[in-house]
Amino acid sequence: MSLVKSDYLVLVEKIRKTLVAGRARAEEAVDKERTRTYWEIGRDIHHYSLHGRDRAKYGENLLETLSDDLELSKTLVYDTLSFYRAFPIFHARGKLPWTCGRLLLRIKDKKQRLSLANKVLRKKWKTRQ
C-alpha cells in the first residue's frame, strides 16, 4: 500500500509542476498579446495624428475622445501612444512585457530607457524585477 501511495504522491507533484508551468506559459502568452495589441493601438493613433485627420474636429482632445469612445482610461490611451513612440523596435516580437514597457516610459532619458529595456529582454525580467 505504501508503494501505491508513494506513486500517487509522485503523480500529484508532477501534476502540480505541470499546472505551474502551464499557468506561467499562459500568462506569458497573454502578456505578449497585450503588448502587441497596445503597441498596434499606439501605432494607429500615431499615424492618424501625423496625417492631421479631423484635427479641426478633435484638436488636442484626440486621446480624450478616443478614451471616451473606446471606454478606455485616458492614461492607457496615452501610454499606448507613448509606448509605440518609445519602443518602435521591441514591440513587434512581443518580448517586452507591457507592464515593464509602461514602467520604462517614466524614464525620460532615451538612451537609459533603451538600455534598461534591452536588459529586461536579455535577462527576461518581469515587472517586479
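No hydrogens, no waters, no symmetry mates; every other heavy atom, side chains included, goes into these values.
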Test item: Ser67 side-chain N/O and Leu63 main-chain N/O as donor-acceptor pair under 3.5 Å: no
Shortest non-hydrogen pair, Leu105 vs Ala86, comes out as CD2-CB, 3.6 Å
Euclidean distance, Leu66 CG relative to Leu62 CG, rounded to 0.5 Å: 4.5 Å
Look up atom CZ in Arg34 and atom CD in Glu27, then write down how far apart they are to the nearest 0.5 Å. 8.5 Å
Kindly compute the distance separating CD (Glu71) from CG (Asp68), expressed to the nearest 0.5 Å. 9.0 Å
Should we count CZ of Arg122 as having more than 12 external heavy atoms under 6.0 Å? yes
Output the distance between atom CZ (Arg113) and atom CZ (Arg106), rounded to the nearest 0.5 Å. 13.0 Å
Just to verify, what does Leu76 make a side chain to side chain contact (heavy atoms under 4.5 Å, CB included) with, not counting sequence neighbours? Tyr38, Leu72, Ser73, Thr80, Trp98, Arg102
When hydrophobic residues are tied together by side-chain contacts of less than 4.5 Å, even through go-betweens, does Leu70 share a cluster with Phe83? yes
Run the numbers on Ile45 and Tyr84 for side chain to side chain contact (heavy atoms under 4.5 Å, CB included), then give the verdict. CA-CA 9 Å; Ile45 295 169; Tyr84 168 77; over 6 Å; no
CG (Leu116) and CG (Leu104) are apart, to the nearest 0.5 Å, by 5.0 Å
Which pair of heavy atoms, one from Phe87 and one from Gly101, lies closest together, and at what distance? CE1-O, 3.8 Å
Output for pair (Glu40 CD, Thr35 OG1), nearest 0.5 Å, gives 11.0 Å
I'd like a table of donor-acceptor pairs (distance under 3.5 Å, sequence neighbours excluded) in which one partner is a side-chain atom from residues 9-17, with atom names and distances.
none

